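Remember, it's a predicted structure, so these values are computed and weren't measured experimentally.
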Amino acid sequence: MAQELSKQYNPKETEDKWYKIWEQNNLFSAKVSPDKLPYCIVIPPPNVTGILHMGHALNNSIQDILIRYKRMRGFEALWMPGTDHAGIATQNVVEKSLAKEGIKRQDLGREKFIERVWQWKEQYGSTIIHQLKKLGCSCDWKRLRFTMDQDYSAAVTEVFVRLYEKKLIYQGNYIINWCPRCQTALSDEEAAHAELQGSLYYLKYPLKDNPLEFISVATTRPETMLGDTAVAVNPKDKRYKKYIGKTLLLPLIKREIKIIADSSVDMEFGTGAVKVTPAHDPNDYALGKKHNLEFINVMAPDGSMNEAAKKYSGLDRFKAREAVLEDLKQLGLLEKIAPHTLSAGHCYRCHTIVEPYLSKQWFVKMKPLARLAIEAVKKGRIKFYPERWTKVYLNWMENIQDWCISRQIWWGHRIPVYYCKNCQGKNSKYGIIVSAAKPAQCPRCKSTGLVQEEDVLDTWFSSWLWPFATFYWPQQLSNNQKPETRNQKTDLNYFYPTSALVTAPEIIFFWVARMIMAGFEFMGEAPFKDVYIHGTVRDVEGKKMSKSLGNVIDPLEIIAEYGTDALRFSLISITSQGQDVFLSKERFEQGRNFANKIWNASRFVLTNLKPEEVNVDLCVFFRKEQLDIANRWILSRFYSTLDKAAKELDSYKFNEAANTLYSFFWHEFCDWYLELIKPQINQKQTQVVMYKVLEKTLRIIHPFMPFITEEIWQRLPGAKNSIMQQSWPHLQKDLINSEDERRMQAAFDIINTVRNMRAELEVNPQSRINIKLAFANKLAQNSMEPLFDHIKNLAKINNLSVNEKYTVQNNEYVVLLKDIHIAMPLAGIAEVSEQIKKNRLKIEKLESEIKNKEAMLSNKNFTERAPKEIVEAEKSKLNDMRAQIAKLEVIINGLR
RNA sequence: GGGCUCAUAGCUCAGUUGGUUAGAGCGUUGCGUUGACAUCGCAAAGGUCAGUGGUUCAAGUCCACUUGGGCCCACCA
């Protein structure tokens with residue numbers, strides 16, 4: 001068995017094999033189990049266009065760790081998977097592939113185009129799902145959902161209708177963010193602001209009455225002057241007081257526009273006079289409403305100028321800018337150009353600069369929805385980890401704006417609104433029918449001439465329902481149901497509210513906040529209890545990883561090169577709570593090396609294991625047998641580690657848990673324990689303890705590194721089932737013995753000292769250190785008698801010969817190591833004075849610390865308030881320090 | 001303009017409510033490969049915890065300010 005194990009762990013041979021077996025045996029599936037507590041995470045559905053990147057790898061590793069951990073702890077753990085139809089993104093991708101064939105979507109028409117998108121989705125839409133499987137994700141794949149599934153779409157429609165009936169959805173003409181490339185409206189969140197270097201142009205507008213007199217206005221978008229319908233100044237501004245109410249002649253267009261007064265105008269900025277373009281700027285829009293100005297739209301949906309722009313009609317907005325500036329310059333009306341940094345919205349899908357644009361769109365009134373969602377977070381019913389995101393969330397929620405949900409694209413949930421052409425002509429209020437199913441006829445005029453709204457809904461209008469729509473809401477349950485029917489256990493009321501949400505900070509507003517609102521509105525309950533926000537994965541220079549920057553580290557490449565477990569472990573161990581992750585490829589070597597270490601340590605245990613010896617109950621065995629200190633120590637360390645790791649996992653401190661396991665396994669189990677037991681490996685107690693500790697350690701590492709732990713698990717004698725089906729080890733607090741731990745730690749300290757002294761003698765025979773004394777001191781500090789045997793063992797392993805005897809002097813144990821004792825060299829003067837200096841420094845440091853400690857211990861504040869253990873510890877520390885000073889003084893004398 | 005966050009070893013970063021001698025990985029240096037492990041092992045060196053002031057018996061940790069990075073939000077034309 002053990003002979004089959006190669007010297008190195010080979011992830012390629014194991015990963016796909018075990019994943020298949022897990023899946024075939026339904027180990028990921030979860031169902032309503034009344035005798036178990038549910039634990040549920042819904043995956044942040046990746047876009048169907050998605051390709052696994054490091055952000056996904058991190059996000060999903062964390063979720064998998066939680067799910068596997070909770071599953072082992074006895075929860076009915078469900079990880080609900082799915083994908084998002086990603087309206088604009090997917091449409092863009094399909095349009096691009098059509099472009100290669102020389103086809104535009106308009107050539108195909110709506111129906112045919114959507115067919116093509118579905119074809120594309122069937123072909124490529126599950127790429128990311130396969131990649132998640134490579135990552136080891138234990139999602140319940142049989143439940144895989146898609147935001148455009150038929151019943152999911154039904155939920156979306158239902159929600160639209162309900163909100164409309166509650167008067168929380170309305171249609172209206174407003175300035176929205178318009179992407180001229182995608183030719184659709186965007187929500188405020190979808191327009192990402194970015195700074196760019198632009199110019200501030202000062203334009204001169206002549207007075208109508210006196211064409212030689214001008215008012216200068218400053219603008220960053222001169223082409224919009226074609227749509228100006230006023231110039232506004234502050235009523236307090238002395239410079240302009242006399243002009244208020246007068247008329248200007250808008251250059252190029254020759255339109256008469258009024259000079260109006262409004263206190264919102266900043267006198268300091270630019271010239272203090274601002275051009276007002278109500279159809280192309282949100283502030284100007286408000287001014288236009290207030291002052292009853294004309295709204296002149298000068299742009300077409302594609303970002304070119306329209307007929308209202310007269311001779312500039314047809315020019316792209318940026319070309320038009322140049323033309324307008326050139327013409328103004330010719331007329332002597334371009335006063336100056338000043339450099340200016342401005343921030344402009346960019347389409348989050350194609351990065352085109354968005355245009356504030358007046359158009360008719362559908363909106364959701366958010367304030368009423370936000371109320372409960374704010375309260376739930378304030379009262380702690382939903383908790384953010386790390387906590388600081390609470391503030392970000394609340395700040396956004398308390399200033400929430402209405403949500404523009406209509407999109408002028410084809411791929412998505414079409415808005416369930418029907419227009420009756422017959423009625424609409426008479427009165428627009430009557431022409432609108434909102435209905436989940438297409439009505440046969442107009443309820444008013446019985447006309448059958450109904451047309452459905454062309455627009456589709458924002459992608460996030462479907463994903464905000466994710467935590468319950470994935471469970472077939474509203475069929476399974478609605479918040480109208482009476483409480484008694486809630487006892488009937490459907491998936492929805494068993495798993496909802498879900499337990500935790502794991503996501504990135506970028507989508508708190510897009511998704512998390514909206515899910516919370518939808519949860520309260522449609523389920524009457526928060527969708528989840530905990531929100532864990534992990535950091536953003538960045539490259540070494542702190543830049544966000546993106547294809548365009550070419551700084552991407554592909555997780556699949558890492559998996560191919562280092563293995564999935566290595567990828568997962570490395571990612572987790574460098575992600576401290578809420579901090580961004582700065583990633584370079586070398587980081588994965590640590591994970592790979594750890595996997596290899598686990599492999600080889602297990603190989604060692606398995607080759608030396610007598611299976612017939614180890615089939616005992618550890619606790620019974622522990623109580624019956626007198627275990628020696630090495631075995632007691634490793635058991636104690638194991639349970640301390642178990643306790644610590646569980647607490648860290650429970651509080652979402654994944655990196656700390658990973659590092660806890662790493663240092664236990666590597667630096668305690670391997671470095672010390674396995675070395676200590678080599679001389680006694682055939683002993684019954686050692687056989688039992690080494691086996692049990694390995695076996696249990698594999699279980700607690702499993703959530704982090706699922707594949708290697710399964711591979712080894714299957715090679716353990718008597719391994720039953722999969723490691724996935726094992727329970728999390730039960731914490732045996734009585735096996736934790738801090739005194740044993742302390743003494744062993746001291747012994748290791750001594751061994752290291754000896755090793756170093758020996759090494760130093762070999763390197764530099766000139767140096768004279770009073771080794772005997774130093775070593776005796778080390779020992780004396782720690783009362784080592786019971787450990788002497790182990791010291792001998794370790795010394796042997798380290799090729800140090802040891803005297804059989806230790807002697808007692810002044811109540812202190814002194815051990816003499818033969819070769820060191822013999823090889824006592826003579827002094828070199830420089831080194832001696834160095835040594836003395838060093839020791840003096842140490843004494844000084846100790847003395848100042850002693851002063852502090854003495855002050856502390858004589859302070860009532862401390863002795864009365866601090867916990868007893870700490871006071872005691874401080875006292876013994878003080879004594880240790882005093883003893884140490886005494887010894888250092890002896891050493892100094894010895895060196896002289 | 002508001003908010004968040006970071007500054008700790010040569011590098012990249014941990015460090016939970018203040019409390020042993022501030023930790024890890026990589027790098028450097030030393031020692032070590034005849035059976036767990038060279039994708040290696042063991043160890044060492046390396047830190048006035050960005051600066052200044054404050055609270056405290058006690059500050060990397062709490063407070064204020066300063067300096068220098070990063071991020072988010074906001075309608076400044």
Using ring centroids (six-membered ring only for Trp), state whether F510(A) and Y348(A) fall under 6.0 Å.
yes
For G591(A) and F569(A), work out which heavy atoms get closest and say how close.
CA-CD2, 4.3 Å
Distance, rounded to the nearest Å, where E648(A) contributes CD and A14(B) contributes C1'
11 Å
Could you measure between the two P atoms, the one in C62(B) and the one in U16(B), and give it in whole Å?
9 Å
For RNA chain B, stems built from three or more consecutive Watson-Crick or G-U wobble pairs below 3.5 Å
B:1-7 with B:67-73, B:10-13 with B:23-26, B:28-32 with B:40-44, B:50-54 with B:62-66
Rounded to the nearest 0.5 Å, what separation is found between the CD1 atom of I533(A) and the CD atom of E506(A)?
9.5 Å
Give each protein N/O atom lying under 3.5 Å from an N/O atom of nucleotides 59-63 of chain B, with the pair distance.
none

Provide, to the nearest angstrom, the distance between the CD1 atom belonging to I574(A) and the P atom belonging to C13(B).
9 Å
Considering all heavy atoms, the nearest A645(A)-L661(A) contact:
CB-CD2, 4.0 Å
Taken to the nearest whole Å, CD/Q590(A) to C1'/G27(B) is 14 Å
Expressed in whole Å, how much space separates the P atoms belonging to C49(B) and A7(B)?
14 Å
Between G19(B) and A77(B), how far apart are the P atoms? Round to whole Å, please.
48 Å
Assess the pair Y532(A) and Y385(A): is the distance between their ring centroids shorter than 6.0 Å?
no
What I want to find out is whether E561(A) reaches R592(A) closely enough, with some N-O distance under 4.0 Å, to be called a salt bridge.
no
Say you pick atom P in G25(B) and the same atom in C40(B); how far apart are they, in whole Å?
12 Å
Between C40(B), G15(B), A36(B), spot the one nearest the side chain of E656(A), thanks.
G15(B)
Once you apply a heavy-atom cut-off of 4.0 Å, does H667(A) come out as touching a base, just sugar-phosphate, or nothing?
sugar-phosphate
Could you state the atom-to-atom distance from CG of N593(A) to P of A36(B) in whole Å?
19 Å
Grab the CD-C1' distance between E668(A) and G23(B) for me, whole Å please.
14 Å
Restricting both atoms to N or O, compile the protein contacts to nucleotides 73-77 of chain B shorter than 3.5 Å, with distance only.
{"residue": "C75(B)", "atom": "O2'", "partner": "N283(A)", "partner atom": "ND2", "Å": "2.7"}
{"residue": "C75(B)", "atom": "N1", "partner": "N283(A)", "partner atom": "OD1", "Å": "3.4"}
{"residue": "C75(B)", "atom": "O2", "partner": "N283(A)", "partner atom": "OD1", "Å": "2.9"}
{"residue": "C75(B)", "atom": "O2", "partner": "N283(A)", "partner atom": "ND2", "Å": "3.3"}
{"residue": "C76(B)", "atom": "O2", "partner": "D266(A)", "partner atom": "OD2", "Å": "3.2"}
{"residue": "C76(B)", "atom": "N3", "partner": "D266(A)", "partner atom": "OD2", "Å": "3.2"}
{"residue": "A77(B)", "atom": "O2'", "partner": "A218(A)", "partner atom": "O", "Å": "3.3"}
{"residue": "A77(B)", "atom": "N6", "partner": "D266(A)", "partner atom": "O", "Å": "2.6"}
{"residue": "A77(B)", "atom": "N6", "partner": "F269(A)", "partner atom": "O", "Å": "3.4"}
{"residue": "A77(B)", "atom": "N1", "partner": "D266(A)", "partner atom": "N", "Å": "3.3"}

For F384(A), does the six-membered ring have the charged nitrogen or CZ of K391(A) within the cation-pi criterion, i.e. under 6.0 angstrom from the centroid and within 45° of the normal?
no
Whole Å only: how far is the NZ atom of K647(A) from the P atom of U16(B)?
16 Å
Can you tell me how far C1' in U48(B) sits from the matching atom in U8(B), rounded to whole Å?
12 Å
Tell me the salt bridge (Lys or Arg N to Asp or Glu O under 4.0 Å) pairs involving residues 267-277 of chain A, sequence neighbours left out?
D228(A)-K275(A)
Non-neighbouring partners of N682(A) that pass side chain to side chain donor-acceptor pair (under 3.5 Å), sequence neighbours left out:
none
Separation of A14(B) P from I572(A) CD1 (nearest whole Å)
14 Å
Quick check: on RNA chain B, is the nucleotide nearest R587(A) upstream (toward 5') of the one nearest L674(A), or the reverse? Name the residue that is more 5'.
R587(A)
Assess whether a salt bridge exists between E648(A) and K653(A), defined as any Lys/Arg side-chain N lying under 4.0 Å from an Asp/Glu carboxylate O.
no
My understanding is that only one of E335(A), K336(A), K204(A) makes a side-chain hydrogen bond (donor to acceptor under 3.5 Å, both in side chains) with S216(A); could you say which?
E335(A)
Would you say K289(A) has more than 12 foreign heavy atoms packed within less than 6.0 Å of its NZ?
no
Need one value for Y662(A): base, sugar-phosphate or nothing, where a base atom within 4.0 Å counts as base even if backbone is also close, heavy atoms only.
sugar-phosphate
Could you list, one pair per line, each protein nitrogen or oxygen that sits under 3.5 Å from a nitrogen or oxygen of nucleotides 4-10 of chain B, together with the distance?
{"residue": "C4(B)", "atom": "OP1", "partner": "K391(A)", "partner atom": "NZ", "Å": "2.8"}

Just to be sure I understand the rule, does K7(A) reach a base, reach only the sugar-phosphate, or reach nothing, if contact means heavy atoms closer than 4.0 Å?
sugar-phosphate
Do you know the tightest heavy-atom contact between V265(A) and A232(A)?
CG2-CB, 3.8 Å
When you check the phosphate oxygens OP1 and OP2 of C37(B), does a side-chain N or O of R603(A) lie under 4.0 Å from one of them?
yes
Distance in angstrom units between N655(A) CG and G15(B) C1', rounded:
10 Å
Please name the residue in the list V377(A), V512(A), I508(A) that meets the side chain to side chain contact (heavy atoms under 4.5 Å, CB included) test with W389(A).
I508(A)
Considering all heavy atoms, the nearest Y201(A)-T220(A) contact
CE1-O, 3.9 Å
